[in-house]
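Let me begin by presenting the structure, written as structure tokens, before commenting on it.
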Protein chains: 2
Amino acid sequence: MVYKNDNIPLTAYFSIVKQQQIIFFNKILEKECITAGQTPFLIYLLYNEKSCQEDIANHYKIDKGAVARGIRKLEDAKLIYKEIDENNRRKYCISLNKDGEKIAKKLIEINDEWEKTISENINISKEDLKEILREIANNAIQTNKMEDSDG
Amino acid sequence: MVYKNDNIPLTAYFSIVKQQQIIFFNKILEKECITAGQTPFLIYLLYNEKSCQEDIANHYKIDKGAVARGIRKLEDAKLIYKEIDENNRRKYCISLNKDGEKIAKKLIEINDEWEKTISENINISKEDLKEILREIANNAIQTNKMEDSDG
DNA sequence: ATATAAATGTTGTCAATGCAACTGTTGTAT
DNA sequence: ATACAACAGTTGCATTGACAACATTTATAT
């Protein structure tokens, strides 16, 4: 094998896109007391009222600790209701309030716009792109699960 | 506009893949005193001897502070030479040593394998995928540059 | 020659996220 | 009924990366 052709590792592109997304949304959210990381939570909560934190973690495949911190931020920014679920006092029942809904709707539009911009000049549709990324994400998760059980 | 259809934002997939890559490589590098973030640096240095930190930052479009910390780790792990460039004493002249080369070559193979695994069952070639990701990354960078100059 | 600007790297601070240890609540097995 | 396991969330610490302030060295302009 010859070690030439410094192809940039795929992972570098994933880093770049994610970092640029954080920069873009943090700029937009400067005045809102929240940051880019809460965007997906707001979007999820707009579609799924009365969710618990584990629902969000499962949906986005992220750590429950990260969700706890994000939800705390949304709470501090007074964008959500967060009440103990009386049917299961381990859980919280989380919903957007009016301000939260307003920001969530705005963020969906901004995100749509951003996604359109970054997928310009590629020769597949945005739907195909999303499907491919979904598959890659699943593969990446599965790979690590397999490594776990292998030892 | 109707706010249904909770499509997962593209950015969520980019997060997942990046995080899973970090987990995968950190597991492999457990014994090497370095972590996943240094993988691209080692790969770059294998192809580009006597680089300076700015070269790496430009190549991967990451912050020079992040490069400084990564290079420090490679130095602490005794995988590189790092000497002041006598033609320009602001710069360092960085190259892999024998151990660094060995790990770099190993990491290239592991990375190839990992990339193959995560791009299984998608209906475009890995080359096309890379091209698309490159374009998306460029678009994401350009978007923020334009925002800067707009105000 | 001197003052100012630009280049290169370092470091502090912050955001996003994983993991592990912990708390409190609920479910299960004996 | 009691003990133990599982669930839901919180928090400390680590890693990747951005940004800004800083130091040092070099280049430029007057």
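Keep in mind the model is a prediction, meaning the values are calculated, not measured. Naming: A, B, ... by sequence-line order, numbering from 1 per chain.
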Can you check side-chain contact (heavy atoms from CB on, under 4.5 Å) on T35(B) and I22(B), steps first, answer last?
CA-CA 8 Å; T35(B) 49; I22(B) 291 171; over 6 Å; no
For [X] and [N], what is the distance between atoms [atom1] and [atom2] respectively, to the nearest whole Å?
| X | N | atom1 | atom2 | answer |
| --- | --- | --- | --- | --- |
| D63(A) | dG9(D) | CG | C1' | 11 Å |
| K73(B) | dT11(C) | NZ | P | 15 Å |
| E30(A) | dC14(C) | CD | P | 16 Å |
| Q20(B) | dT15(D) | CD | P | 18 Å |
| I23(A) | dA20(D) | CD1 | P | 10 Å |
| I62(A) | dT17(C) | CD1 | P | 5 Å |
| K61(B) | dC19(D) | NZ | C1' | 18 Å |
| I141(B) | dA18(D) | CD1 | P | 10 Å |

Verify whether one side chain among N144(B) and Q20(A) offers a donor that lies under 3.5 Å from an acceptor in the other.
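On atom types as modelled, these side chains qualify, holding a pair under 3.5 Å.
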Do E120(B) and T117(B) get their side chains close enough for a donor-acceptor pair, meaning under 3.5 Å?
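Looking only at side-chain atoms, T117(B) and E120(B) do not form any donor-acceptor pair under 3.5 Å.
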Think [X] has a side-chain N or O under 4.0 angstrom from the OP1 or OP2 of [N]?
| X | N | answer |
| --- | --- | --- |
| K82(A) | dT10(D) | yes |
| T35(B) | dT16(D) | yes |
| K18(B) | dT15(D) | no |
| K91(B) | dT26(D) | no |
| Q38(B) | dT16(D) | yes |

Base, sugar-phosphate alone, or nothing: which one does [X] contact when heavy atoms must sit under 4.0 Å apart?
| X | result |
| --- | --- |
| I71(A) | nothing |
| G70(A) | nothing |
| G37(A) | sugar-phosphate |

So which one's nearest nucleotide on DNA chain D is more toward 5', Q53(A) or S15(A)?
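Closest to the 5' end, via its nearest nucleotide, is Q53(A).
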Could you tell me how the ring of Y44(B) sits relative to the ring of Y60(B): parallel (under 30°), tilted (30 to 60°) or perpendicular (over 60°)?
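Perpendicular.
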Is the base of dG9(C) touched by the side chain of R72(B) through a donor-acceptor pair closer than 3.5 angstrom?
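Under the 3.5 Å cut-off, the side chain and the base do not form any donor-acceptor pair.
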Looking at [Y] and [X], is there a salt bridge between them, counting it only when a charged N and a carboxylate O are closer than 4.0 Å?
| X | Y | result |
| --- | --- | --- |
| K106(B) | E32(B) | yes |
| E131(A) | R134(A) | yes |
| E115(A) | K126(A) | yes |

Could you run through nucleotides 22-29 of chain C and give me one letter per nucleotide, 5' to 3': B if any protein heavy atom sits under 4.0 Å from the base, S if only the sugar-phosphate is that close, - if neither?
--BBB---
Given I8(A) and H59(B), is the side-chain contact (heavy atoms from CB on, under 4.5 Å) satisfied, shown in steps?
CA-CA 9 Å; I8(A) 291 188; H59(B) 186 70; 3.5 Å; yes
